[in-house]
S.K.: 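Have a look at the structure that comes next, please.
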Amino acid sequence: MALRTSFRLSNAIKATSRPPIPQAYEWAEKYVATATRPLLDMSQGVPGVPPPPALLEALARASSAPQNCGYIPAAGLPDLRHAMVAEMKQSYGADADITYHDIAITAGCNLAFVTIAMILADAGDEVILPVPWYFNHEMTLTMLGIKPVLLHTYAREGFLPSPERCAALITEKTKAIVLVTPNNPTGAIYPPSLVASFAKLARDRNVALVLDETYRDFITTSAPHRLFTRPAVELGEVVPPAWDWRSTFIHLFSFSKSYCIPGHRLGLICASPDIMPAIIKALDSLQICPPRPPQVALAPLLPSLRSFVRETAEAVAHRHTLFKARLPPRWKIGSQGGYYAFVRHPFAGQHANDVCQRLAQEMGVVTLPAGFFGPKGEEDQLVMDEDRWVRFSVANVDDRRVELVCERLAESETAFGWDLD
């Protein structure tokens with residue numbers, strides 16, 4: 001569409017994909033909901049419950065205090081940075097080698113990723129992304145003129161990325177390997193041994209390992225990994241005994257899911273103090289400072305919120321179990337964890353984009369197709385297995401709505417009139 005302006009947009013922004021979630025909501029707008037057949041939204045990864053009352057009250061107090069209207073340091077409030085060290089030791093072990101100086105607070109985890117991409121790579125450099133990808137990561141790299149190099153993952157391997165295939169993709173232009181675990185969109189939880197293998201690869205090839213752990217608190221069975229430990233306990237021969245995470249590893253985190261405050265935009269970077277001046281330089285240009293009131297509210301409350309975080313994670317895990325139990329047999333789960341289940345639809349020869357459009361418009365079930373999480377294919381190309389996957393977010397619906405979604409999926413097998421596997 002031609003612009004009605006006397007100036008032009010940058011080629012980089014024109015090359016960047018549009019955010020895909022609005023497309024799903026455009027489909028949903030065409031569904032006629034009724035009291036007995038409401039719209040069921042399992043598309044966007046948003047918390048299904050509000051923050052606990054104590055946090056809501058603290059947010060209200062902090063937001064109304066005049067002293068919290070001013071600027072703060074670009075790296076965030078010291079109180080929250082210190083408090084997050086303690087919380088990370090809860091997640092990764094008391095022996096995790098993390099200090100206040102490793103922490104910077106950001107205006108959301110997406111901005112944390114933008115910051116890290118800006119300090120690591122120049123236009124024309126390469127960053128390796130597993131596919132299916134988190135679309136905002138690909139959008140950011142493209143916007144900055146950085147080439148996303150695709151590391152394909154496969155259903156037969158549980159959508160886990162391969163360090164061996166990744167190694168073959170590294171060139172002199174490679175600046176980083178980016179992983180998301182638990183994964184968005186597939187839900188796959190990367191075992192600590194796999195994370196360690198990528199850490200060794202990154203160290204051996206002198207590139208950064210960037211780990212987006214937005215959903216780390218939804219791993220309830222063990223520590224997500226042991227990379228923060230020095231020497232690297234329980235990593236055996238995967239990384240050397242002299243491993244120091246600060247030489248290779250950059251950790252990203254979001255407060256949105258764990259504390260149910262996505263609208264307050266808080267994220268975190270944990271990285272070596274050696275690169276913190278570069279991080280602060282970028283943050284000062286991008287955000288000046290992260291939002292002050294939610295930091296004031298959270299810092300003293302974090303220890304008391306641990307039970308809420310745990311209970312929320314257990315509720316999401318229960319919903320995963322319920323979804324798996326009620327899903328019609330022809331719909332196959334490829335991977336599951338964090339907020340998401342990645343499901344293969346049963347309609348032979350049909351692209352997930354078309355399936356999700358009809359699910360939204362005709363069945364009132366809003367989901368996201370695999371096509372939203374990878375490079376766009378040709379309109380008339382043959383539908384392959386990787387084109388048949390659908391992301392379901394189990395976090396933002398209650399148990400009854402999970403059951404209703406599964407009932408409508410079963411209905412669609414007859415209603416759509418398509419051939420089934």
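Any value given below was found using the heavy atoms of this structure, including those in side chains, with hydrogens, waters and symmetry copies removed. Small disclaimer: the values here were computed from a predicted structure and weren't measured.
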S.K.: Report the relative orientation of the aromatic rings in F392 and F323; use parallel for angles under 30°, tilted for 30 to 60°, perpendicular for over 60°.
M.R.: tilted
S.K.: From the options K332, R344, R330, select the one residue that forms a salt bridge (Lys or Arg N to Asp or Glu O under 4.0 Å) with D421.
M.R.: R344
S.K.: So is R216 actually on top of F253's ring, under 6.0 Å and inside 45° of the axis?
M.R.: yes
S.K.: Just by modelled atom types, is the D122 backbone N or O under 3.5 Å from a matching donor or acceptor in the D125 side chain?
M.R.: yes
S.K.: Is the Y339-Y215 ring centre distance short of 6.0 angstrom?
M.R.: yes
S.K.: Counting only heavy atoms not in K147, do more than 12 fall under 6.0 Å of its NZ?
M.R.: no
S.K.: Which atoms form the tightest heavy-atom contact between P290 and P73, and what is the distance?
M.R.: CD-O, 3.8 Å
S.K.: Hey, is the main chain of T186 close enough, under 3.5 Å, to the side chain of S335 for a donor-acceptor pair?
M.R.: yes
S.K.: Taking the basic N atoms (NZ, or NE/NH1/NH2) and the acidic carboxylate oxygens, is any pair closer than 4.0 Å for R319 and D398?
M.R.: no
S.K.: Between E413 (side chain only) and L420 (backbone N and O only), is there a donor and an acceptor less than 3.5 Å apart?
M.R.: no
S.K.: Using modelled atom types only, decide if a donor and an acceptor are shared between the side chain of R81 and the backbone of I103 within a distance under 3.5 Å.
M.R.: yes
S.K.: Does E407 come within less than 4.0 Å of R326, counting only side-chain N to carboxylate O?
M.R.: no
S.K.: Can we say K175 and E126 salt-bridge, meaning some charged N sits less than 4.0 Å from an Asp/Glu carboxylate O?
M.R.: no
S.K.: Check for a donor-acceptor pair, side chain of R165 on one end and backbone N or O of T153 on the other, with a separation under 3.5 Å.
M.R.: no
S.K.: For W243 and L227, indicate whether the former's side chain and the latter's backbone hold a donor-acceptor pair under 3.5 Å.
M.R.: yes
S.K.: Is the backbone of P291 close enough, under 3.5 Å, to the side chain of Q295 for a donor and an acceptor to pair up by distance?
M.R.: yes
S.K.: Salt bridge between K200 and D204, side-chain N to carboxylate O under 4.0 Å?
M.R.: yes
S.K.: Is any side-chain N of the basic residue among D217 and R310 closer than 4.0 Å to the acidic one's carboxylate O?
M.R.: no
S.K.: Tell me if the centroids of the rings in H137 and F373 come within less than 6.0 Å of each other.
M.R.: no
S.K.: Between D95 and R226, is there a side-chain N and carboxylate O pair less than 4.0 Å apart?
M.R.: yes
S.K.: Would you confirm whether T181, through its side chain, and Y190, through its main-chain N or O, come within 3.5 Å as a donor-acceptor pair?
M.R.: yes
S.K.: When you measure from the side chain of H82 to the backbone N and O of A299, does any donor-acceptor pair fall under 3.5 Å?
M.R.: no
S.K.: Determine whether a donor-acceptor pair (N or O, by modelled atom type, separation under 3.5 Å) exists between the side chain of K89 and the backbone of A96.
M.R.: yes
S.K.: For the aromatic rings, using the six-membered ring if either is Trp, is the centroid distance between F342 and F159 under 6.0 Å?
M.R.: yes
S.K.: Is the ring centre of F416 less than 6.0 Å from the ring centre of F347?
M.R.: yes
S.K.: Look at D97 together with R246 and state whether they make a salt bridge at an N to O cut-off of under 4.0 Å.
M.R.: yes
S.K.: Measuring centre to centre across the rings, with the benzene-like ring taken for any Trp, is W245 within less than 6.0 Å of F228?
M.R.: yes
S.K.: Hey, do the aromatic rings of F255 and H264 have their centres closer than 6.0 Å?
M.R.: no
S.K.: Is the positively charged end of R358 above the ring of W418, judged by distance under 6.0 angstrom from the centroid and angle within 45° of the axis?
M.R.: yes
S.K.: Going through the checks in order, is the side-chain contact (heavy atoms from CB on, under 4.5 Å) test met by T174 and L169?
M.R.: CA-CA 8 Å; T174 305; L169 298 174; over 6 Å; no
